[in-house]
Amino acid sequence: SSAGIDDDDDNDDENVNENAKNRDDFADKISLKRPTIQTLEAGQSIDAYVISVLPDGVKVSIRPEISAFVPLIETASSIKELKKPLEQRFSKGERIKATIVNVNVSKKHVDVSFRDQKSISVGAKLFGVVSRFNKGTSMMVKLGAHVMGRVFLTDVSDAFEENPFSEMKVGDVVEVCVVSVTSNGEVDLSMRPSLLRKSEGNKKVANPEIYDAKSLEVGNEVSGYVKSVGKAGCFVALSRNLDALIKLTNLADGFVEKPSVEFPTGRLVRGRIVSADAKTNRVEMSLRTSQSDSKTPNKEALASLKVGDVVMGTVRSVQSYGVFVTLDGSGLSGLCHISMFADMHVKDDLANHVRAGERVRTKIIKVDYETNKVSLGIKASFFEDDDEDNENGAQHEHDSNDEDEMQEDLLLSDDDEDDNNNNNNNNSKMDAEEEDEEEEHLFDNEESGGEESEREDDNDDEDEDEDDEDDED
């Protein structure tokens with residue numbers, strides 16, 4: 001009987017061990033069904049439950065102690081679905097198949113996505129959500145929960161237009177093509193149809209992409225967007241990687257008083273290439289229509305200038321050694337040396353006598369057709385002969401008018417002469433009477449000791465005192 005009891009005890013021990021093992025297996029199964037943040041891995045597929053629908057995304061729960069925010073860009077795999085309002089696509093409590101994108105155990109943070117994941121590489125065609133605009137020069141697009149890309153002004157369209165971002169706003173869904181990815185993760189994007197669609201790729205575009213300075217030649221006409229204006233001039237973006245400098249003298253045919261106002265950031269301009277250095281990748285352009293910039297002077301305009309010509313112009317800049325003037329008509333720029341500025345020696349700064357934008361009369365002193373330089377004079381003595389001629393012409397015209405009046409007087413009829421004589425007699429008589437009255441008036445004043453005059457003086461003094469009081473008030 002004792003042997004039977006031992007067998008029963010052994011059976012009980014085996015049952016306990018088996019039950020314990022079953023409990024451990026059940027616990028393991030439960031842990032698999034209810035994942036912890038330590039068991040989650042990127043790429044893992046899970047069930048997520050919608051907690052709330054927000055304007056820019058959806059908040060979901062993976063388990064009671066684990067929740068995550070799914071941004072708009074991660075809520076769908078098609079641009080058509082993304083453009084639909086979130087409240088129409090999701091409801092509270094809804095179960096959705098999701099993918100773990102990233103897990104940060106230390107911060108207890110999980111990134112979740114409802115869409116198919118695509119790699120961000122050059123040439124990839126993606127869609128994103130407009131996040132913000134950078135001072136009118138570029139637009140930031142959200143490609144993923146933690147990935148941003150930049151669309152520059154020159155990459156919005158194949159045909160440049162004023163204010164290309166004007167019809168876009170934060171939250172818009174856009175289609176983009178990845179054009180570059182730097183080693184530190186910066187992503188450049190393009191919205192050009194020629195890159196997004198094969199059918200557009202073979203078409204000739206109005207503003208093809210300019211990659212570097214060696215693809216440009218002097219005289220090429222190009223378009224770009226103003227990036228900034230400084231003392232050196234105006235910087236224009238020809239592409240996302242290439243800028244061109246426009247010197248202040250080449251911003252227009254005439255004088256530009258306030259370059260930063262007339263050329264704000266983002267303004268579209270079109271000009272021609274003045275120089276392009278392939279080694280330094282530096283480009284200079286001009287907006288002058290007269291083609292009279294320093295690099296490519298207008299030979300015809302230069303040939304039209306003759307020594308001794310008097311030409312009006314606008315002061316372009318004032319330097320310590322002289323004044324640069326843009327001449328009317330030709331648009332050419334000439335230098336008036338300080339020695340040719342005034343007949344008297346200028347001891348102080350020229351800026352105290354003339355300023356940029358001021359209109360001046362100049363005389364052509366010298367034209368160097370080889371160096372394309374024009375020397376000017378502004379001295380008053382340079383124009384004395386011209387002024388005398390003008391005065392003589394005016395005097396001659398005045399004398400001619402006097403002669404005409406004399407001829408008209410000679411043609412007067414006798415009756416008119418009689419009438420004039422009668423009028424003159426009457427006027428003389430009235431003048432004589434007025435003189436007599438004035439004499440009598442003065443005589444009366446003198447006899448009365450000048451009492452009336454004194455009263456007038458007193459009145460004047462009183463008026464002056466009242467004026468002084470008014471001034472003090």
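These numbers were taken from a predicted model, which means no experiment stands behind them. Hydrogens, waters and symmetry mates are skipped; everything else that's a heavy atom, side chains included, is used.
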Item to complete: Could you go through the side chain to side chain donor-acceptor pair (under 3.5 Å) check for D277 and S275 one step at a time?
Response: CA-CA 7 Å; D277 192 329; S275 66; over 6 Å; no
Practice prompt. I would like to know whether S113 and Q117 meet side chain to side chain donor-acceptor pair (under 3.5 Å); could you show each step before the answer?
Written response: CA-CA 8 Å; S113 177; Q117 297 300 303; 2.8 Å; yes
Worksheet item: Hey, mind stepping through S166 and N163 against side chain to side chain donor-acceptor pair (under 3.5 Å) and telling me if it holds?
Response: CA-CA 5 Å; S166 60; N163 303 316; 5.6 Å; no
Worksheet entry | Derivation of the side chain to side chain contact (heavy atoms under 4.5 Å, CB included) call for V141 and L143 | CA-CA 6 Å; V141 177; L143 301 175; 4.2 Å; yes
Worksheet item: Are R359 and T314 close enough, and set up right, to give a side chain to side chain donor-acceptor pair (under 3.5 Å), and what steps lead you there?
Response: CA-CA 5 Å; R359 298 284 293 166; T314 303; 2.9 Å; yes
Which side-chain N or O atoms in residues 316-326 pair as donor and acceptor under 3.5 Å with protein atoms at least two apart or in another chain?
residue	atom	partner	partner atom	Å
R316	NE	S333	OG	3.2
R316	NH2	S333	OG	2.7

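The NZ atom of K118 lies 6.0 Å from the CZ atom of F127; values are rounded to the nearest 0.5 Å. With values rounded to the nearest 0.5 angstrom, T154 atom OG1 is found 9.0 Å from I210 atom CD1. From L305, atom CG reaches atom CD1 of I364 across 5.0 Å, with rounding to the nearest 0.5 Å. The CG atom of L350 sits 4.0 Å away from the CD1 atom of I338 when rounded to the nearest 0.5 Å. One distance of note links CG of L82 with CG of L86; it measures 8.5 Å at 0.5 Å rounding. Remark: K135 NZ to T265 OG1 distance equals 8.5 Å, nearest 0.5 Å.
Here the shortest heavy-atom pairing between S286 and V274 reads CB-CG2, 3.6 Å. The minimum heavy-atom distance between L196 and K125, with the atom names listed, is O-NZ, 3.1 Å. Across N281 and N241, no two heavy atoms sit closer than the pair ND2-O, 4.4 Å. Nearest approach of N250 to M285, heavy atoms of both residues: CB-O, 4.4 Å. Considering all non-hydrogen atoms of both residues, F152 and S239 come closest at CE2-O, 4.1 Å. The two residues E370 and D368 have their closest heavy-atom pair at N-OD1, 3.0 Å.
In this structure, E167 and E161 have side chains that are not in contact, with every pair of non-hydrogen atoms separated by 4.5 Å or more. Counting heavy atoms from C-beta on, the side chains of M191 and S157 never come closer than 4.5 Å. H146 is listed as a side-chain neighbour of D111, based on a closest heavy-atom distance under 4.5 Å. Within the 4.5 Å cutoff, the side chain of E186 has no heavy atoms near those of the R150 side chain. You'll find the side chain of M168 reaches within 4.5 Å of the side chain of F133, heavy atoms only. Residues L302 and Y369 are in side-chain contact: their nearest non-hydrogen atoms beyond the backbone lie under 4.5 Å apart. In this structure, the side chains of F69 and V112 stay at 4.5 Å or more apart for every pair of heavy atoms. For the pair L216 and L242, the minimum side-chain heavy-atom distance is below 4.5 Å.
Checking side-chain atoms of E358 against main-chain N and O of R355 turns up a donor-acceptor pair under 3.5 Å. Within the 3.5 Å criterion, the main-chain N or O of K347 finds no donor-acceptor partner in the side chain of H345. Looking only at distances, no side-chain donor or acceptor of T362 sits under 3.5 Å from a matching main-chain atom of I378. Here the side chain of R267 pairs a donor or acceptor atom with the backbone of E262 at under 3.5 angstrom.
Exactly one residue among V156, V179, V174, V130 makes a side chain to side chain contact (heavy atoms under 4.5 Å, CB included) with V151. That residue is V156. Checked options F160, F165, F263; the residue passing with Y225 is F160 (criterion: ring pair (Phe, Tyr, Trp, His ring centres under 6.0 Å)).
Taking the charged nitrogens against the carboxylate oxygens, R272 and E221 have no contact shorter than 4.0 Å, which rules out a salt bridge. Between E209 and R240, at least one side-chain N (NZ, or NE/NH1/NH2) sits under 4.0 Å from a carboxylate O, which counts as a salt bridge. Between D158 and R192 there is a salt bridge, since a side-chain N of the basic residue sits under 4.0 Å from a carboxylate O of the acidic one. Ion pairing between a basic and an acidic side chain is recognised when a charged N comes within 4.0 Å of a carboxylate O; D309 and K363 show no such pairing.
The side chain to side chain donor-acceptor pair (under 3.5 Å) contacts involving residues 374-383 comprise D343-S381, where partners must be two or more places apart or lie in separate chains. The side chain to side chain donor-acceptor pair (under 3.5 Å) pairs that include a residue from residues 174-183 are S180-D188, T182-N184, where partners are two or more places apart or lie in different chains.
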